[in-house]
Undergrad: 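What follows is a structure written as structure tokens; I'll ask about it next.
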Amino acid sequence: MSHPLLSFRDAVKEFPARGRGRRRGAPVRAVDGVTLDIDAGEVFGVIGYSGAGKSTLVRLANALETTTAGSVVVDGTDLTGLSEAQLRPVRAGIGMIFQQFNLLASRTVAGNVAYPLEVAGWPRADRDARVRELLDFVGIGDKADVHPARLSGGQKQRVGIARALATSPRLLLADEATSALDPETTADVLALLQRVNRELGITVVVITHEMEVVRSICHRVAVMEAGRVVELGDAYRVFSAPEHPVTRRFVASALRDVPSSAVLARLRERHPGRIVTARIDEVSGSSAQVTRVLAEHGVDGTIVFGGITELAERPYGSLTVELVGHDAAVHAALDGLRAATTVVDHGTATRPAAEGSDR
Amino acid sequence: MSPDLVPLLGQAFGETVFMVLITLAVGGVCGLALGLGLYLTRPGNLLEHRGVFAVLNVAVNVVRPIPFIIFLVALGPVTRAVVGTTIGTGAFTFAMCVMASFVFARLVEQNLVSIDPGVIEAARAMGASPLRIVRTVVVPEALSPLILGYTFLFVGVLDMSAIAGYLGAGGLGDFAIVYGYRQYDWALTALVVVIIIVVVQLVQWLGNGLARRALRR
């Protein structure tokens, strides 16, 4: 197996305490012992709430911050102990895009994209050709001579991406790159990042607090809380069988498919029969299995709540169904469902089950 | 105004222009350097250095509030060591250059502090060296307010030149007092005031125009 493109080994980043004397606080451990390997060619997501340390983690990767302890290795180069001058070429070889775009207001779009090429010492003619090529790739070839202030948020991020790709990096770091954009523009920019990964073969690390971002483009994901990685793995597996509470909260935010207690109370008013919630995903079971089990036992299943969407391009969600039929048939159908997938039994309006009340 | 005062007025105008231009040139360069030094060494910035920052910060805070007329006298020994004399246009211009540098340093620093740290981080992320970042990011991004600050400095320097003039450096301030105020010639005093106002207006108009062009929005 080839070595990973980016790896963290027990990486720690501690910021000194603020204030002086008695008001001096404790030092802040933004990243607290992270070990992580990111492979060449993947889109890797780091998800967490604000303050989880994910932005600091990504800044360790291109040495905008240096580790307090542990090591960071990029493409075979150990960044530990390198001098500022030695780190500059490492940074130049890694692209980065930002939540607030961070474009130079004093330069045109073309001037912004040319900046890293100037740093790298490209001759002017080569720069111009490369800038045109990049602006065409991100779809804003007509904006070359415009100043960033005249662009929309989505266009600004396209400039940011073009600039980050200018020197053909192997790794692109996206720090909350879509958090300042509306949902539609977010989808466009995510599609562009996916193209960057697929067409140019660039490894992309996305830092986000939005489940939507991970849901639509990430192959693997690390969930961070308080400077630590609390869950790590294949995006589909992590989110279809979340183990850590933080992961569960993200999953719940992505798809409001599981009825809350208030929703359940209203469902019971409208539907007197047995109400059950069945998970629909590749790990638990498919909706076809649910339909088949109900048909086998002669039970009518009325879909009363839920939804199925895609996670990492695979089906994911849950359906809440009112089961109508003879008691024995309903019991048998319920057992059949439990064999096929993960089921939460909410009971009936007259005899509610406690099982589902923890959600 | 009697006709034989006209060449004297012309000479006074020339002296003021000389003092102001030299001071603006020297004070502009030194003030920009000092201001960049303050900005860059400030804790959390590109060349963070507590010691250098503290020294620069204290120096600016000590020099700037001293009334110029006192500073001019107090700087005497230094002026003598550098210029060789403490009187005449050259000596006074030296003192003006020193004061202008410290005044402009603070103006520069205050304008640079408003630069979005994100664009500097972006430039660092692209592998740019601190010197390159100063040249291609810090100064260009803050160019518009820097021009306005420099225009503001011009008015301050003109003010200083009048005080220096009164103490013996010549120039418009000296002319207004010697031939206007002391001769009870209010019309002549008013004429000098009008000349100064017109010059300040022209420079301010020029500064505003350049600042607007630099903004490019």
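So you know, we letter chains A, B, ... as the sequences are listed, proteins then strands, and number each from 1. Worth saying up front: this structure is predicted, and the values here are computed from it rather than measured.
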Undergrad: For B:S144, which atoms come within 4.5 Å of any heavy atom of chain A: side chain, backbone, both, or neither?
TA: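 Nothing of B:S144, per the 4.5 Å heavy-atom cut-off to chain A.
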Undergrad: Pick one of side chain, backbone, both or neither for A:L87, based on which atoms fall under 4.5 Å of a heavy atom in chain B.
TA: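 Contact with chain B is absent: no heavy atom of A:L87 under 4.5 Å.
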Undergrad: Please determine whether a side-chain nitrogen of the Lys or Arg among A:R130 and A:E133 lies less than 4.0 Å from a carboxylate oxygen of the Asp or Glu.
TA: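 Result for this pair is yes, salt bridge flagged.
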Undergrad: Please state whether the side chain, the backbone, both or neither of A:A63 comes within less than 4.5 Å of a heavy atom of chain B.
TA: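 Interface part for A:A63: backbone (N, CA, C, O).
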Undergrad: Non-hydrogen atoms of chain B under 4.5 Å away: do they reach the side chain of A:P116, the backbone, both or neither?
TA: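 Both backbone and side chain.
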Undergrad: Please determine, by modelled atom types, if B:N57 and B:R42 share a side-chain donor-acceptor pair under 3.5 angstrom.
TA: no
Undergrad: Let's test your reading of the structure: which of A:I97, A:L64, A:V146, A:T167 forms the most heavy-atom pairs below 4.5 Å with chain B?
TA: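 The candidate making the most pairs under 4.5 Å is A:L64.
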Undergrad: For A:L173, which atoms come within 4.5 Å of any heavy atom of chain B: side chain, backbone, both, or neither?
TA: neither
Undergrad: Does A:R59 pair with A:D175 as a salt bridge, N-O distance under 4.0 Å?
TA: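 Yes, A:R59 and A:D175 are salt-bridged.
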Undergrad: Charged N to carboxylate O under 4.0 angstrom, A:E118 versus A:R124?
TA: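 Answer for the salt bridge query: no.
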Undergrad: Look at A:N62, A:V90, A:L103, A:L104 and state which one has the largest set of heavy-atom pairs under 4.5 Å with chain B.
TA: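 Counting heavy-atom pairs under 4.5 Å, the top option is A:L104.
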Undergrad: Can a side-chain donor-acceptor contact be found between A:T80 and A:D78 if the only test is distance below 3.5 angstrom?
TA: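 Yes, because at least one side-chain N or O of A:D78 sits under 3.5 Å from a partner of the opposite role on A:T80.
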Undergrad: Give a yes or no on whether a salt bridge exists between A:R107 and B:E141, defined as a side-chain N under 4.0 angstrom from a carboxylate O.
TA: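 Salt bridge between A:R107 and B:E141, a charged N being under 4.0 Å from a carboxylate O: no.
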